[in-house]
Student: 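I am attaching a structure below and will ask some questions about it afterwards.
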Amino acid sequence: MADYLFADVEKHARKLWADQNVYKTDDQSEKPKYYVLDMFPYPSGAGLHVGHPLGYIASDIVSRFKRMKGFNVLHPMGFDAFGLPAEQYAIQTGQHPAITTEQNIKRYVEQMEYIGLSYDWKREITTSDPAYYRWTQWIFLQLFDSWYDKSQDKARPITELIHYFDKNGNVGLQAQCDENVPAFDATAWKSADEQYQSDLLMHYRLAYLAEARVNWCPALGTVLANDEIKDGLSERGGHPVEIRMMRQWMMRILAYSQRLLDGLNEIDWSDAIKEQQRNWIGRSEGALIRFSLEGNNQQIEVFTTRPDTIFGVSFMVLAPEHALVAEIITPENRPHIEAYITKAKNRSERERMADVKTVSGAFTGAYAIHPFTGDKIPVWIADYVLASYGTGAVMAVPGGDERDWRFANHFQLPILDIIEGSDISLAANDSKTSRIINSGFLNGLEVKTAIQKAIEALEKGGLGKGRIQFRLRDAIFSRQRYWGEPVPIYFENGIPKAMPDHLLPLQLPAVDKYLPTEDGEPPLGRAENWTYNGHPIETTTMPGWAGSSWYFLRYMDPHNATTFAERNKIDYWKQVDLYMGGAEHATGHLLYARFWTQFLFDRNWIGFKEPFKKLVNQGMIQGQSKFIYRVEGKNAFVSAGLKNNFKTTAIHVDVNMVKLDVLDLEQFKNWRTEYESAEFLLENPENGEISSTGIFKCGSEVEKMSKSKWNVVNPDDIISQYGADTLRLYEM
RNA sequence: GCCCAGGUGGCGGAAUUGGUAGACGCGCUGGUCUCAAACACCUGUGAGGUUACACUCGUACCGGUUCGACUCCGGUCCUGGGCACCA
């Protein structure tokens, strides 16, 4: 019997498919349509590993099946090409990230072709291609040109808001906007200068400028991702990092929080992913309550889900960053408060949330007044209160909240007993089924009714109001980076304005270095003539998620130069029927893409609200890792059968150096310089005893396949040894 | 720390309104065929135990509910994902 010469057969098939363009998809057809999409990859320098094709092969099988069943199948592929790794490489080597990216993409396409994936390559897109990001910039400008009308529950053009201001100011306006927007009438609006009008509009735009907290590294002169920070120091260079406020472009995604929640009920995604999005959006019902301050006409506003426990408030806590802190500290408390703020300032939110063991805080010296009892309530600051959630201040009810209880216990603040059946000397009681006691007009009520009663009383007394609060925050959109879409905004006398459409794409300029400028401007600050009509152009770029929030639309009409995609093509292909990709995108990409889709629907650019009808998460591939055992404190290794005789540390070794558990010692010694001089204790394979003529065995364990575990299998190797079908079948 | 998911043979994985745990496949064992192997086919394959049966144990761990628990409840551990500038 003759061998199956897979290499020849596959080569022939690839040529045939390419020459005859067999996977080319038409935008018109008598057949019903089916849109199968993979989450497009970031083209990293390492190439595809066997984890990538897991989803691609699955979706490819579905595509082929649907074609055979008589569907017109759209099954495209492209590249999410903007990103940090290419920029880092550019910083190190000076090579333009576009070049690296292009090389990596070439390799990816080749690898995908070898796997035999049936993409319509005529539709390939790359987010870093100016012909593509021209439309990412255009969408940004649509967002800049929009505000959110809560009464109609949709985004509308900013001209219509201006029209409203001309008539009424912002009186009676129901719009999603920043906190603390001043009230103004039509006259005030019309008499305001351009600068002030621009500032007012900024409070309403869906893409807007605001101050936001960022990780600033003074030594590198740049903003860092949490990912680039290890143990409070920059990964590059190990420099200290601090939190700093910076003016950033933001996205008013909060306007869509309720719709993003509701939309989940209409799509076929796993409950796990939906749950993650729900928790991320984090809707909670409760009340905003204002506490007056003693000897100060300012008020502290707090959000609480438990207004029924208001009689249990024995102190208040502000986030160290809270704007009122500076105003209310009494002179004698200033030194230790300032010391505390300095300490808290440089802890990340993650650290602050994770650290529940240590209780810390400081007394401001100020007192608030209880809205119902008139009691004096001490005001503290503590870093367990986060500035970014709610109002950045809480009313502390140690009898009903665990963290408040620990705080009160630690600082010996009073703990009031307001929930029936509690032992407040031992713990807080957060039961939601008990009755309220020692609470004036709320006495004897169950939690649910007490909450309603409390809100009624607050509203009646003008002390507060019922409120739905979301944990979701508006998204920071600016990146202090080079390798991203330039934000198409210029500043005329400091007033941000949209670049005219005919000048899009606003292309990335050449720079001498991919680093921030000396005075801490982003890399685009290095570009010569980064101006429009003599006005400076925005120097931040867009985040990675910008290009990936709408790419599924571009595949429908990838070469259109006059619009992001022709409406009749969008109406034909509609939503993605099957979306395949990793679950790690649950609260990032998948949420942002839903947000932009809802927005494009509102402005009537597309005819549907949800981008991805059905989502399947492909899971991950595991690999068998190999270990060698290093004797502790020595540059010596022992064969696996001997490790119990020594105190050893297991170290990952590249699986490619191991055959049938036996390590290739020569290869290993050449792997890293420190291993050249290492000692190796061999074992006799017959009896497992030490033997100078024996072999060196490795241990093994099944783990996630990852570069850091040295257990990665390259698909190219599998294909050249066994053929594409073997890889495909094995992965399935 | 918080949120989400998961933990079942050597491996991938079946089985849940609570009713024979390990379907199916891979691998491995033995056999048939062959000079021999590969292929193919047949057989066995959770662990202990037995000549063989019996029997005992067994779904991460501890406990509970139940006539009966992989499944339900309480607690614990571990792994993976996310925690807002990685993609």
Side-chain angles (χ1 to χ4, degrees), chain A residues 1-4 39-44 46 51-52 54 79-88 127 212-217 222-230 234-235 241 243 246 248-251 253-254 269-282 347-358 384 386 388-389 402-403 406 471-481 483-484 522 540-548 581-592 617-624 700-706 709 726 729-732:
Chain A
M1 195 179 80
D3 282 341
Y4 168 55
M39 287 185 188
F40 62 167
Y42 173 79
S44 81
H52 285 110
L54 182 56
F79 298 93
D80 188 14
F82 280 128
L84 263 184
E87 178 150 335
Q88 292 297 4
T127 54
R213 287 161 56 98
V214 294
N215 302 312
W216 176 257
C217 179
T222 189
V223 170
L224 295 178
N226 285 339
D227 218 53
E228 296 176 286
I229 303 167
K230 294 280 169 317
S234 66
E235 202 170 33
V241 178
I243 306 288
M246 275 179 91
Q248 308 272 333
W249 285 97
M250 309 272 291
M251 284 285 158
I253 188 173
L254 217 36
W269 294 13
S270 75
D271 290 336
I273 297 276
K274 288 186 185 181
E275 185 67 8
Q276 283 178 59
Q277 289 211 351
R278 286 194 189 102
N279 291 338
W280 186 256
I281 296 167
R347 293 181 85 198
S348 69
E349 283 197 4
R350 177 100 54 101
E351 278 177 88
R352 284 165 59 169
M353 286 188 282
D355 185 7
V356 294
K357 290 198 185 82
T358 47
Y384 78 89
L386 302 178
S388 55
Y389 182 72
E402 180 64 31
R403 286 162 310 178
R406 269 204 303 272
R471 201 189 68 103
L472 184 69
R473 309 205 287 258
D474 280 346
I476 302 179
F477 195 73
S478 287
R479 299 289 181 268
Q480 276 66 22
R481 311 278 181 192
W483 191 229
T540 65
T541 52
M542 299 190 198
W545 57 265
S548 61
E584 70 273 20
H585 299 286
T587 55
H589 161 62
L590 288 169
L591 195 67
Y592 295 128
N617 300 119
Q618 85 273 52
M620 66 187 169
I621 292 223
Q622 299 203 310
Q624 190 168 56
S700 45
E701 204 172 299
V702 173
E703 299 181 294
K704 164 179 114 137
M705 193 171 283
S706 128
K709 301 189 195 301
T726 305
L729 195 59
Y730 179 78
E731 293 225 3
M732 290 304 96

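We name chains A, B, ... by the order of the sequence lines, and we start the count at 1 in each one.
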Student: Looking only at side-chain N and O atoms, does A:N226 come under 4.0 Å of OP1 or OP2 in B:rC83?
Tutor: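 No.
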Student: Indicate the ring-plane relationship of A:W545 and A:F477, choosing parallel, tilted or perpendicular according to the 30° and 60° boundaries.
Tutor: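 Perpendicular.
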Student: Using the C1' atom as the point on both nucleotides, what is the distance between B:rA60 and B:rC55, in whole Å?
Tutor: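 Their C1' atoms lie roughly 27 Å apart.
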Student: Pull up the glycosidic torsion of B:rG44 and say syn or anti, syn being anything within 90° of 0.
Tutor: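 Chi for B:rG44 falls in the anti range.
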Student: Let me confirm one number: the CE-CZ distance from A:M250 to A:R473, rounded to the nearest 0.5 Å.
Tutor: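 The CZ atom of A:R473 is 9.0 Å from CE of A:M250, to the nearest 0.5 Å.
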Student: Excluding sequence neighbours, so at least two apart, what forms salt bridge (Lys or Arg N to Asp or Glu O under 4.0 Å) with A:E402?
Tutor: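 Once residues adjacent in sequence are excluded, the partners of A:E402 under the salt bridge (Lys or Arg N to Asp or Glu O under 4.0 Å) criterion are A:R406.
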Student: Within this structure, what is the CG-CD distance for the pair A:L224 and A:Q480, rounded to the nearest 0.5 Å?
Tutor: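 Rounded to the nearest 0.5 Å, the CG-CD separation comes out at 10.5 Å.
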Student: For B:rC2 versus B:rC11, give the span between their C1' atoms, rounded off to a whole number of Å.
Tutor: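 Per the computed distance, 35 Å lies between those C1' atoms.
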Student: Counting side-chain heavy atoms from C-beta on, which of B:rG81, B:rA84, B:rC86 comes nearest to A:L472?
Tutor: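 For the A:L472 side chain, the nearest candidate turns out to be B:rA84.
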Student: Nearest of B:rG82, B:rA84, B:rA87 to any side-chain atom of A:D80?
Tutor: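 When the side chain of A:D80 is considered, B:rA87 is the closest of B:rG82, B:rA84, B:rA87.
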Student: Check the surroundings of atom CZ in A:R213: do more than 12 heavy atoms from other residues, nucleotides or ligands lie under 6.0 Å from it?
Tutor: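 Yes, enclosed.
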Student: On RNA chain B, compare the nucleotides closest to A:W280 and A:G544; which residue's is nearer the 5' end?
Tutor: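 Here A:W280 is the residue nearer the 5' end.
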Student: Enumerate the protein-to-nucleotides 4-8 of chain B contacts in which both atoms are nitrogen or oxygen and the separation is below 3.5 Å.
Tutor:
from	atom 1	to	atom 2	distance (Å)
B:rC4	O2'	A:Q276	NE2	3.3

